[in-house]
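Side-chain atoms are counted along with the backbone in the values below, which use heavy atoms only and exclude waters and symmetry mates.
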Amino acid sequence: MGAGKRQIVLLMTDSTRQDMVSCYGNPDMRTPCLDALAERGVRYQNAYSCQPVCGPARSALFTGIYPHSNGSFGNCIALGANVKTIGQRLSDNGIRTAYVGKWHLDGGDYFGLGVCPEGWDPEYWYDMRNYLEELTEEERVASRQYETCRKGVEADFTFGYRCTQRAIDFLEKHGEEDFFLTVSLDEPHQPMLCPEPYASMFDGYEFPKSPNVWDTLEGKPQYQQIWAGRNRETDRDAVKIRVSGFLGCNSFADAQLGRVMESISKYAPDALVIYTSDHGDALESHCLYAKGPVMYNEIARVPLLIAGPGVPQGVVDEHPVSHINLPAMVMEYMGLPVPKCFEGKSLLEEVYHPEVRTNEYVVTEFTRYEIDHDGFGGIQMMRAIFDGRYKLAVHLLDLVDEFYDQEQDPYEMKNLIWDESCDQEKVRLHQLLLDWMNLTRDPFRGYQWKFRPWRKNLENPTWDCDGYTRQRENEEYEPRQLDYSTGLPMKEAVRHK
């Protein structure tokens, strides 16, 4: 920790894949502010979202428990009533907390309800509904249209600018206090609204094609082939990835976060600064678009940068890490106990000592994209695990699962799920995944996850499945759970005997 103060600023953008940040290897991307943050801290090469969808990704990031545990396993599904955010936990311990920007966890529509949740400072709360309510009807419509960029929009009209302006005000007024500040931009997500020079910065630019643009999904799950649609039939050599608005808005978001970082340097120079995104975007990789139920790197892997006093500078960390590690890290950094219900280990030791490996593996899940409509395939049950080399994805509603060796196949082109020479590693990861589903009490678990067509030599399934009790660990906000058989306080969360 720096200089006795307990200060953290978490910066977020939406839909930013790793190679949209220049320090991750694409020099054409214009993200000087985030690149500077990477130079004075640690860049994580294998950081993963807990679920590559806006709301569920944030639900894990701000509660410390996976989407299937906290209840927000799809957009527009609110957190469970007894689920506490890190804002509540910190403010209850005397730490000022402020959340500015996209929230997506209150069960409302895309824009939110405009109401500050418990634990966050209402003076600085500002979600997308609050933004829209500041605008006239004509301005509201204009704020949702990309064409507005071409009419000369000003920076101060955008959601991103108004968010960062509030964050700057917070830092000016509270820079001497202990605090946790989140700045969560909607940019560069559609409608990709931004002023010049960003609006035309990438006109005519062609985003580089990686080898997996030529992956037409043979031997892969049927749902992915349906998702790809006619893309699989196109001449992949002729594909041009031209997303000038997306990339321009990405650079605009970088500039807005740069404004906040300037204020951090001025008013809270000892703060720990974290940057990440909720998920990536396929951009034609594997013939896919947007995001969805996959653990492909373009979609599920996210940028993660951490810098601050004592953090090694200019370091690249290759270990697998996850958003689920960050809430526990925040609690530890603030000098508070990590709650028993948190489902990820703290990343703090690895931040200061990158040779330390926190996770044996990381897990990404998917249940559905959104509750209000069946876009993105409706329900698509996926649980996937990555150990730094091997990646296994189990798709409950599909006959084909996936297994990749990223050392030999970094672009995840060849599905090895039927390759018997990989059976040992497949079974090892599969068992770790099943154990994780039990330990986190995944409500969607069942024998079907275990009895997959490629998995051999298993005993017949039983109705009791793995027999875990109903009880699980909880903590100070609730009384100890009671054992179902005795009605007495549970001693430990164990399998039913």
Side-chain angles (χ1 to χ4, degrees), residues 13-38 141-161 164 185-216 227-259 275 277-292 296-299 301-303 305 410-411:
T13 52
D14 193 298
S15 305
T16 306
R17 54 188 255 174
Q18 278 193 355
D19 55 4
M20 288 169 60
V21 183
S22 181
C23 62
Y24 276 96
N26 185 349
D28 293 342
M29 299 294 97
R30 301 181 187 180
T31 54
C33 301
L34 291 175
D35 297 342
L37 183 65
V141 174
S143 76
R144 304 305 302 161
Q145 306 297 319
Y146 171 62
E147 289 75 14
T148 304
C149 294
R150 304 303 176 186
K151 299 176 182 177
V153 66
E154 298 295 329
D156 60 6
F157 179 72
T158 66
F159 181 64
Y161 178 90
T164 54
L185 306 188
D186 186 50
E187 291 86 355
H189 191 286
Q190 293 175 336
M192 304 172 289
L193 198 65
C194 61
E196 295 290 0
Y198 308 100
S200 58
M201 183 175 284
F202 288 90
D203 283 358
Y205 176 75
E206 185 178 336
F207 194 81
K209 291 192 291 187
S210 66
N212 57 23
V213 168
W214 282 268
D215 175 16
T216 54
W227 177 2
R230 293 182 178 177
N231 284 0
R232 300 176 66 224
E233 302 170 6
T234 62
D235 178 0
R236 303 307 291 172
D237 290 336
V239 168
K240 306 291 184 185
I241 307 174
R242 290 176 173 153
V243 284
S244 62
F246 191 35
L247 300 180
C249 192
N250 184 58
S251 291
F252 173 65
D254 175 82
Q256 293 307 303
L257 295 181
R259 297 174 67 229
Y275 163 73
S277 179
D278 50 357
H279 54 77
D281 191 293
L283 295 181
E284 293 286 348
S285 293
H286 309 283
C287 288
L288 303 176
Y289 58 89
K291 71 273 191 178
Y296 290 137
N297 286 335
E298 293 77 16
I299 292 175
R301 193 169 64 177
V302 293
L305 310 173
Y411 295 102

Reported [atom1]-to-[atom2] distance for the pair [X] and [Y], which is rounded to 0.5 angstrom:
X	Y	atom1	atom2	value
Tyr24	Leu34	OH	CG	9.5 Å
Gln256	Thr13	CD	OG1	12.5 Å
Thr164	Leu257	OG1	CG	8.0 Å
Leu193	Phe159	CG	CZ	12.0 Å
His286	Asn212	NE2	CG	4.0 Å
Trp214	Asp237	CH2	CG	6.0 Å

Counting N and O atoms only, with roles assigned by atom type, does the side chain of [X] sit under 3.5 Å from a partner on the main chain of [Y], one being a donor and the other an acceptor?
X	Y	value
Arg242	Phe202	no
Ser277	His279	yes
Gln18	Val302	yes
Arg17	Arg301	no
Ser251	Arg30	yes

Over all heavy atoms of both residues, which pair between [X] and [Y] is shortest? Give the atoms and the distance, please.
X	Y	result
Cys149	Cys194	SG-N, 3.2 Å
Ser15	Asp281	O-CB, 4.3 Å
Gly258	Cys33	CA-SG, 3.5 Å
Ser143	Pro191	O-CG, 3.3 Å
Ala253	Glu187	CB-CB, 4.1 Å
Asp19	Asn26	O-CB, 3.5 Å

Q: Taking only Lys NZ, Arg NE, NH1 and NH2, and the carboxylate oxygens of Asp or Glu, determine whether Asp203 and Arg150 approach each other closer than 4.0 Å.
A: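 The answer is yes: the pair qualifies as a salt bridge.
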Q.
I'd like to know whether CZ of Phe157 has more than 12 heavy-atom contacts from other residues, nucleotides or ligands below 6.0 angstrom.
A.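 For Phe157, atom CZ is crowded (more than 12 foreign heavy atoms under 6.0 Å).
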Q) So does Glu196 have more than 12 non-hydrogen atoms from other groups sitting under 6.0 Å from CD? A)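 Enclosed.
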Is any side-chain heavy atom of [X] closer than 4.5 Å to a side-chain heavy atom of [Y]?
X	Y	value
Thr16	Pro188	yes
Ser244	Tyr205	no
Met29	Phe207	yes
Met201	Leu247	no

Q. Got a sec, which residues hit side chain to side chain donor-acceptor pair (under 3.5 Å) with Asp35, two or more places apart in sequence or on another chain?
A.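 For Asp35, the residues satisfying side chain to side chain donor-acceptor pair (under 3.5 Å) (neighbours in sequence not counted) are Thr31.
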Q. Do the side-chain N and O atoms of Arg236 and Thr234 include a donor-acceptor pair separated by under 3.5 angstrom?
A.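 A donor-acceptor contact under 3.5 Å links the two side chains.
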Q) Going by the angle between their ring planes, with limits at 30° and 60°, are Trp227 and Tyr289 parallel, tilted or perpendicular? A)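 Ring orientation of Trp227 relative to Tyr289: perpendicular.
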Q | Steps toward side chain to side chain contact (heavy atoms under 4.5 Å, CB included) verdict (Tyr161, Glu154) | A | CA-CA 10 Å; Tyr161 178 90; Glu154 298 295 329; over 6 Å; no
